[in-house]
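Below is one structure, written out as structure tokens, with a few remarks after it.
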Amino acid sequence: MAANPAEKKETVFYYPPVDFVKNAAIPGMDAYRALCRAAEENYEGFWEELARENVLWHKPFTKVLNDTNPPFYKWFEDGELNVSWNCLDKHLANGNAEKDAIIFEADDGTVTKVTYRQLHERVCRLANGLKSLGVGKGDRVVIYMAMSIEAVVAMQACARIGAIHSVVFGGFSAPSLGERIVNAGAVAVITADMQIRGGRRLPLKAIVDEALALNDNHTVKNIVVYRRTGDGIPFTEGRDCWMDELMARQSAECEPEWVDAEHPLFILYTSGSTGNPKGAQHASGGFLLWAIMTMRWTFDIKPSDVFWCTADIGWITGHTYNAYGPLATGATILLFEGVPTYPHAGRFWEMIDKHKVSIFYTAPTAIRSLIKASSEDNRVAPEHYDLSSLRLLGSVGEPINPEAWLWFYRHIGKERCPIVDTFWQTETGGHVIAPMPGATPLVPGSCTLPLPGLSVSVVDETGQELPWGQGGILVINRPWPSMIRTVWGNDERYKTHYWPEELGGRLYQAGDGAIRDPQTGYFTITGRIDDVLNVSGHALGTMEVESVLSAHPMVAEAAVVGKPDDLTGESICAFVILKNELPKGEAAKHIASDLRKWVSREISPIARPKEIRFGENLPKTRSGKIMRRLLRVIARGEEITQDISTLENPAILEQLRQSL
Ligand code: PRX
């Protein structure tokens, strides 16, 4: 797969290797274009055929798309299915019962495997166990667990009985967890006694107790606890039970609950530019279909693959590409409990070597930190490991800078593995723009072209499509099966946030800016156009962090902006005005450290500001609006070239600049 300085000046394309193309699901650009054309010519027919061929229906659908009440679209609405049945029972029936479904590597390196038959049995037992506690179809279950076989079992068990899961990332604090439990109206929480990451223990169950204690309006009746370490933890009689004891009492068979295609499969909270996190609600049929199709198209999944997606199940990537997509396509997945740098920064490469991973999907942040680590200490360099099992690499969560792309390509993929840079979001359910590895010529730093069936454009503020070469707002032009259905309990927020009136109300606004290459039409994502930050591939609302900072007893006002960061992509810079006088020297350091701890405790360590600057005021317009664009410039240490004539208090700029 040699780089070919192609005709177009400056752009270097990286072509798929011949061997890869030969066996690829989409072998070449003609095949890709044919699929795109099929979708353009008969949109519903295209999706209908995919849904009939790739999803197992208990009762086949007769309607494809219901668009009578936009933007509340319905897909395959009169079809009935069960997602867990599609992920498990299917493989028992087709002779794959003894195939490894999950290879789990614990933080300390211990490896545990489960076959599809064993996974099926565990899911059935927990599903029956949940039913015995009174959890049923449509009930919400919050899952607060670390990466583990049991976490996948918990998600699949909910799907099996038609309960709606809402996984909360194990790094979220008690207040964040509590807020989500209350918003979802959860009747049960599934958690673990402890979580182990990088050699450290985090008491998950105790955090659940704290979250519930903070909210006397919660509706939780039961807590099911996975015994990760067996550490003694407080138990509330009648409410709490051990997962293993609950499962041991159950039958190993559980008839799935057949649900309508539109039945919610899960709610996953994501940060918005304003207010509280929003619960993105996904539907069973459409989500499953796109999880399957993207496994086949973007990841070219084959029965012999060992697929490793490093994303935690607390994020959408862990939902679509750990808990559902790979299982629905009968793959073997690797799940990892730990962190890439423990006990050493060669852990990822060691695990690829040890488990013969063939498809490796990770985030640019991880790649950048491992580049740094191996340049500082050659002992953890990928060259010390056998990575010849790899055939495909993937990147997700944030733009991958060309330097990191090239390092990944050369040092990990050894110039033989295509890289799929996948752009998508919690709300899209699965990939939106990504190369097809056996077809698309790759350009570092570009996620290239939309997946077949997805119609994506770059438009101006009125919704008019812009010519290639002009940057604008990224939109999706038509509803697609795996799209978010609504914001849980808040239809209005769904409508106004994602389908803005300014763009005509019929375009899905992703929240990102983009530009298309004038020659190839390839997309490059230029970053969020709203106040959502992307730290290490995790979306965080500026408002969320600001309101937590402002709630600190010492703080009068706070504003938060993003700043480019070599490792985490973007980092948080907070401008803080204290109620008392401006702190100096050691006192300022102390307060800043306190504020960082406060944010960690209230939201999560991810939200901790890297930089905190104190000032007497914030730059405001005469009408009192904080001028964040000026704060961004100050945070980056750039010269202010913008018009500041509307600024009420220009002197403050100099003070904030000096405050570092
Ligand atoms: O800004 C885009 C960025 O991550 C946002 C979505 O975040 P979240 O819902 O947490 O889902 C992350 C995993 C899918 C997007 O709006 N983003 C995600 N992937 C890419 C990306 N930006 C550039 N390139 C990508 N490949």
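Atoms within each ligand, like the ligands themselves, are counted from 1 in listed order.
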Aromatic Y73 / basic R485 pairing, under 6.0 angstrom, 45° off normal: no
Would you say N477 and L507 make side-chain contact, with heavy atoms under 4.5 Å? yes
Residue set satisfying salt bridge (charged side-chain N to carboxylate O under 4.0 Å, His left out) with R347, at least two apart, ordered chain then number -> E105
Can you give each donor-acceptor pair under 3.5 Å made by side-chain atoms of residues 626-634, sequence neighbours left out, with the distance rounded to 0.1 Å?
unit_1, atom_1, unit_2, atom_2, d
R628, NE, E546, OE2, 3.1
R628, NH2, E546, OE1, 2.7
R628, NH2, E546, OE2, 2.9

Around atom CD of E501, are there more than 12 heavy atoms of other residues, nucleotides or ligands at under 6.0 Å? no
Under 4.0 Å from ligand 1 - residues by heavy atom, chain and number: I316, T317, V396, G397, E398, P399, D421, T422, F423, W424, Q425, T426, D512, I525, R528, N534, A539
Which residues share a side-chain hydrogen bond (donor to acceptor under 3.5 Å, both in side chains) with Y494, sequence neighbours left out: W499
